[in-house]
Amino acid sequence: MERNYDFLSAQNTHNIKKYTLKTATQEWLKAIKMVTKESTYSKYCTVSQLHIIPNLGEILLSHITQPLLEQYVYDKYLYGRVDGKGALSANTVRLITYILESVLQYAKQMGYTNIVYAPISKPRLSQKNMQLFTIEEQKKLEQFVLTRKDFSAYGVYICLYTGMRLGELCALTWENVHLEERYIRVMQTLQRIQVVDRREENQNKRTKIIIDVPKSQSSIRDIPLINTLANLLERIKGKEEKAYVLTGKSTHFMDPRNYQKRFKHMLKACDLQPRNFHTLRHQFASNCIAQGIDAKSLSEILGHSSVNITLNRYVHTSMELKQLQINKLEEWAK
């Protein structure tokens, strides 16, 4: 749904300079480019070009009011998809809000406007109902991948017992697998991002693969290996230290998008319900808590900045575990 926001703008407000939100957004993007990760910068550019500039870009900064911003964000949350097929996710709307607030703050610092805005209302993030594997399903999946004769299948087992993110797994090379000391060092992540400027990249592709440092400082970490996983890695390790673990080659990596598809085929072959690959990370976290691993250690293994993130987002208690825990009341009831 296209909405004209001019009726919410302050038409008579005196402006310092004749700057539109489009100009301010473009200048803000240029200003942050050198200090922002390429993947994050690509996300900011994509969201700005798809949502903010088409809807609000031509409005003068002096005409942007708090009610206009609130109404715009609310509309995006209800029916903001570019294809017109419904609502945007809360994550995307929150990102739009962050960009708007950053652009307007930048514009004020640069003297393009003297208006001070209150924080824009943001939708709450809802906790998704993660469907974990049962013990039987996990063992079935493990048995399947361990009988395969290709490196990529073993990635599922690696994630089940390390909690690595998909991008971290795809970027993992043998030089960061320390088998004698029994740990994996996470130093980089691989991801597909939108190409911001195709002329600058000298290509016609809409997306590209980049290998970069992980998403945060806490994501650079050492993950200890259980013996069964270490033994598996010892059996499949080649001689080339620079080779990617999932491909066995230094000249060829696994595209995360393609690996997601492979994972879905593996689940289908095991007659298991479709799940996102990220489920394996949640599965690992929940299994660790079920086995009594302390939350602080688990948080560091997962690369989280705080224990709260680990407990609130990544730990899902199964009915089996709940039953086991509640049965502990039996002795007390007697």
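Residue indices begin at 1 and follow the sequence shown.
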(message) Between Asn287 and Phe133, is there a side-chain heavy-atom distance shorter than 4.5 Å?
(response) no

(request) Compare all side-chain heavy atoms of Tyr41 with those of Ile193 and state whether any distance is below 4.5 angstrom. (result) no

(message) Once rounded to the nearest 0.5 Å, what's the spacing between atom CD1 of Ile96 and atom OH of Tyr44?
(response) 13.0 Å

(message) Asn308: which residues meet the side-chain hydrogen bond (donor to acceptor under 3.5 Å, both in side chains) condition with it, sequence neighbours left out?
(response) none

(request) Using a strict cut-off of less than 4.0 Å between a Lys/Arg side-chain nitrogen and an Asp/Glu carboxylate oxygen, indicate whether Lys296 and Glu300 qualify as a salt bridge. (result) yes

(request) Measure across Leu225 and Leu229 and return the closest heavy-atom pair with its distance rounded to 0.1 Å. (result) CD2-CD2, 3.7 Å

(message) So which atom in His63 and which in Leu68 form the shortest heavy-atom distance, rounded to 0.1 Å?
(response) O-CD1, 4.3 Å

(request) Measure from the side-chain N and O atoms of Tyr259 to the backbone N and O of Ser152, and report whether any donor-acceptor pair falls under 3.5 Å. (result) yes

(request) May I have the step-by-step check of side chain to side chain contact (heavy atoms under 4.5 Å, CB included) for Thr162 and Glu168, ending in yes or no? (result) CA-CA 11 Å; Thr162 64; Glu168 295 168 346; over 6 Å; no

(message) Using a 6.0 Å cut-off, check whether atom NZ of Lys237 has over 12 heavy atoms from anything other than its own residue.
(response) yes

(request) For residues Arg206 and Val195, determine if any side-chain heavy atom of one lies less than 4.5 Å from a side-chain heavy atom of the other. (result) no

(message) For the OG atom of Ser299 and the CZ atom of Arg221, what is their distance to the nearest 0.5 Å?
(response) 10.0 Å

(message) If we ignore hydrogens and angles and just use 3.5 Å, is the side chain of Ser286 paired with the main-chain N or O of Gln283 as donor and acceptor?
(response) no

(message) Given 3.5 Å as the limit, does a donor-acceptor pair link the side chain of Arg185 with the main chain of Asp222, or not?
(response) no

(message) Distance alone, cut at 3.5 Å: any donor-acceptor contact between the side chains of Thr310 and His304?
(response) yes

(request) Using side chain to side chain contact (heavy atoms under 4.5 Å, CB included) as the criterion, list what pairs up with Leu50, not counting sequence neighbours. (result) Thr46, Val82

(message) Could you check whether atom CD of Glu181 has more than 12 heavy atoms from other residues, nucleotides or ligands sitting under 6.0 Å from it?
(response) yes

(request) Just do the side chain to side chain contact (heavy atoms under 4.5 Å, CB included) check on Tyr154 and Val245 with the steps written out, would you? (result) CA-CA 9 Å; Tyr154 301 135; Val245 172; over 6 Å; no

(request) For the pair Arg94 (side chain) and Pro123 (backbone), establish whether a donor and an acceptor sit closer than 3.5 Å, ignoring hydrogens and angles. (result) yes

(message) For Tyr161 and Tyr157, I'd like to know if the aromatic rings sit close, meaning centre-to-centre distance below 6.0 Å.
(response) yes

(request) Mind telling me whether Tyr244 and Phe253 have parallel, tilted or perpendicular rings, with 30° and 60° as the class edges? (result) perpendicular

(request) Please tell me if the side chains of Glu101 and Pro119 come closer than 4.5 Å, counting only heavy atoms from C-beta onward. (result) yes

(message) Pair Leu61, Leu104 - check side chain to side chain contact (heavy atoms under 4.5 Å, CB included), show working.
(response) CA-CA 8 Å; Leu61 290 176; Leu104 292 171; 4.1 Å; yes

(request) Supply the atom-to-atom distance Lys139 NZ to Leu146 CG, rounded to the nearest 0.5 angstrom. (result) 10.0 Å

(message) For a quick check under 3.5 Å, do Arg257 and Thr207 share a side-chain donor-acceptor pair by atom type?
(response) no

(message) Tell me if the CE atom of Met187 is crowded by more than 12 foreign heavy atoms within 6.0 Å.
(response) no

(request) Report whether Leu172 and Ile211 are members of the same hydrophobic cluster (ILVMFWY, side-chain heavy atoms less than 4.5 Å apart, transitive linking). (result) no

(request) For the residue pair His51 and Leu88, establish whether any side-chain heavy-atom pair is separated by less than 4.5 Å. (result) yes

(message) Just verifying a value: how many Å separate Lys22 NZ and Thr20 OG1, rounded to the nearest 0.5 Å?
(response) 7.5 Å

(request) Would you please say whether a donor-acceptor pair under 3.5 Å links the side chains of Gln138 and Glu142? (result) yes

(message) A side-chain contact here means heavy atoms from C-beta on lying under 4.5 Å apart; do Phe263 and Leu141 qualify?
(response) yes

(request) Look up atom CG in Leu179 and atom CG in Leu233, then write down how far apart they are to the nearest 0.5 Å. (result) 6.0 Å

(message) Evaluate Thr173 against Lys242 for side chain to side chain contact (heavy atoms under 4.5 Å, CB included), listing each step before the verdict.
(response) CA-CA 6 Å; Thr173 56; Lys242 298 288 185 181; 5.8 Å; no

(message) Count I, L, V, M, F, W, Y as connected when their side-chain heavy atoms are under 4.5 Å apart, and connections chain through other members. Are Val73 and Ile59 then in the same cluster?
(response) yes

(request) Please indicate whether Asp271 has more than 12 foreign heavy atoms, meaning atoms of other residues, nucleotides or ligands, lying under 6.0 Å from its CG. (result) no

(message) Could you report the tightest heavy-atom contact between Ala24 and Ala107, atom names first, then the distance?
(response) CB-CB, 4.4 Å

(message) Between Arg275 and Gln131 (side chain of the first, backbone of the second, donor and acceptor by atom type, cut-off under 3.5 Å), is there such a pair?
(response) yes

(request) Report yes or no: does Tyr117 contribute a side-chain atom to a donor-acceptor pair with the main-chain N or O of Ile64 at less than 3.5 Å? (result) yes

(message) Using the rule that Ile, Leu, Val, Met, Phe, Trp and Tyr join whenever any side-chain heavy atoms are under 4.5 Å apart, tell me whether Leu100 and Ile115 fall into a single cluster.
(response) yes

(message) Donor-acceptor check, side chain of Ser218 to backbone of Gly303, threshold 3.5 angstrom: yes or no?
(response) yes

(request) List the atom of Leu169, the atom of Gly155, and the distance in Å for their closest heavy-atom pair. (result) CD2-O, 3.7 Å

(request) Give a yes or no answer on whether the side chain of Lys37 reaches the backbone of Pro214 with a donor-acceptor pair at less than 3.5 Å. (result) yes

(request) Determine, using the 4.5 Å side-chain heavy-atom cutoff (strictly less than), whether Tyr19 and Leu56 are members of one ILVMFWY cluster. (result) yes

(message) Show the nearest heavy-atom pair for residues Thr189 and Gly167, with the distance to one decimal.
(response) OG1-C, 3.3 Å

(request) Step through the shown structure and confirm whether more than 12 heavy atoms of other residues, nucleotides or ligands are within 6.0 Å of CD on Gln109. (result) yes

(message) With a 4.5 Å cut-off on side-chain heavy atoms, are Val103 and Ile99 touching?
(response) yes

(message) Using modelled atom types and a 3.5 Å cut-off, is there a donor and acceptor pairing between side-chain atoms of Lys122 and backbone atoms of Ile120?
(response) yes

(request) May I ask you to decide whether Arg81 forms a salt bridge with Asp83, counting only side-chain N to carboxylate O separations under 4.0 Å? (result) yes

(message) With a 4.5 Å cut-off on side-chain heavy atoms, are Trp174 and Ile236 touching?
(response) yes

(message) For residues Leu166 and Leu190: do they belong to one hydrophobic cluster (side chain heavy atoms under 4.5 Å, members Ile, Leu, Val, Met, Phe, Trp, Tyr)?
(response) no

(request) Quick one: pull up NE2 in His278 and CD in Gln260 and give me the separation to the nearest 0.5 Å. (result) 10.0 Å

(request) Write down the atom of Cys45, the atom of Val196, and the distance for their closest heavy-atom approach. (result) SG-CG1, 3.6 Å

(request) Quick one: sort the Tyr183 and His178 rings into parallel, tilted or perpendicular, breaks at 30° and 60°. (result) parallel

(message) Between Asn231 and Asn227 (side chain of the first, backbone of the second, donor and acceptor by atom type, cut-off under 3.5 Å), is there such a pair?
(response) yes

(request) Answer yes if the side chains of Gln194 and Ser42 hold a donor-acceptor pair under 3.5 Å, and no otherwise. (result) no

